[in-house]
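Residue numbers count from 1 along this sequence. All values below come from the heavy atoms of this structure, side chains included, with hydrogens, waters and symmetry mates left out.
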Amino acid sequence: MVEISEENFEELVSEALDALPEDMVGGLDNVVFMLEDRNEDGQELLGLYEGFAVTDRGEYGYGEMPDRIIIYREAHAKICATLSELREEVHVTLVHEIAHYYGIDDDRLHDLGWG
């Protein structure tokens with residue numbers, strides 16, 4: 001398990017997000033990234049996408065609440081033994097959750113190695 005403060009985790013996630021390719025993040029519209037300690041449902045999730053994938057949106061425009069991508073600090077820290085592993089796992093989680101925004105489901109993500 002890696003010990004990491006909320007502040008340091010926020011910085012790590014921000015750096016990981018900044019390092020993603022522009023063609024992945026450039027198309028994001030009305031999406032907020034949030035960090036939480038844990039999933040309140042009690043599920044051991046690393047991340048969660050809440051919203052409607054662009055492939056499922058009908059009419060979408062002004063006044064819509066933003067989609068949310070939530071990254072969970074404690075779940076990440078629990079499965080990683082080093083800071084390097086934590087960075088890699090956060091990267092994978094960001095790619096996974098952003099893919100849901102673009103309409104890629106869990107089965108396809110697993111097939112692509114981003115499960």
Any side-chain heavy-atom pair of Ile69 and Val32 under 4.5 Å: no

Whether Phe9 and His76 hold their rings parallel, tilted or perpendicular, with breakpoints at 30° and 60°: tilted

Using side chain to side chain contact (heavy atoms under 4.5 Å, CB included), reason through Asp67 and Asn30 one step at a time and then give a plain yes or no. CA-CA 6 Å; Asp67 294 357; Asn30 203 26; 5.8 Å; no

Just by distance, do the side chain of His91 and the backbone of Ala16 share a donor-acceptor pair under 3.5 Å? no

When rounded to the nearest 0.5 angstrom, what is the spacing between CE in Met1 and CD1 in Ile79? 11.5 Å

With a 3.5 Å distance limit and no angle check, can you tell me whether Asp41 reaches the backbone of Gln43 through a side-chain donor-acceptor pair? no

Please answer whether the main-chain N or O of Phe52 pairs with a side-chain N or O of Tyr49 as donor and acceptor at a distance below 3.5 Å. yes

Answer whether the closest heavy-atom distance between the side chains of Pro66 and Val31 falls below 4.5 Å. no

Please check: side-chain N/O of Glu85 versus main-chain N/O of Ala81, any donor-acceptor pairing under 3.5 Å? yes

From Leu83 CG over to Ile4 CD1, what is the distance, rounded to the nearest 0.5 angstrom? 5.5 Å

Residue pair Ile70, Glu50: steps toward the side chain to side chain contact (heavy atoms under 4.5 Å, CB included) verdict: CA-CA 8 Å; Ile70 306 167; Glu50 293 181 334; 3.8 Å; yes

If every non-hydrogen atom of Ala99 is compared with every non-hydrogen atom of Leu109, which pair is closest and at what distance? CB-CD2, 3.5 Å

So Arg68 and Leu48, do their side chains get closer than 4.5 Å, heavy atoms only? no

Give a yes or no on whether a salt bridge exists between Glu10 and Arg73, defined as a side-chain N under 4.0 angstrom from a carboxylate O. no

Rounded distance (nearest 0.5 Å) linking atom CD of Glu74 with atom CD of Glu44: 8.5 Å

Tyr101 side chain reached by Asp29 side chain, heavy atoms, under 4.5 Å: yes

Can you tell me how far apart NE2 (His100) and CZ (Arg108) are? Round to the nearest 0.5 Å. 13.5 Å

Would you compute the distance between atom CG of Leu46 and atom OH of Tyr72 and round it to the nearest 0.5 angstrom? 10.0 Å

Is there a path of hydrophobic side-chain contacts, each under 4.5 Å between heavy atoms of I, L, V, M, F, W or Y residues, that connects Leu112 with Val92? yes

Take Tyr102 and Val54 through the test side chain to side chain contact (heavy atoms under 4.5 Å, CB included) and record every step on the way to the result. CA-CA 6 Å; Tyr102 290 113; Val54 293; 4.3 Å; yes

So Leu28 and Phe33, side chain to side chain contact (heavy atoms under 4.5 Å, CB included) or not? Walk me through it. CA-CA 11 Å; Leu28 297 175; Phe33 289 83; 3.9 Å; yes

Enter the distance from Glu36:CD to Leu45:CG here, rounded to the nearest 0.5 Å. 11.0 Å

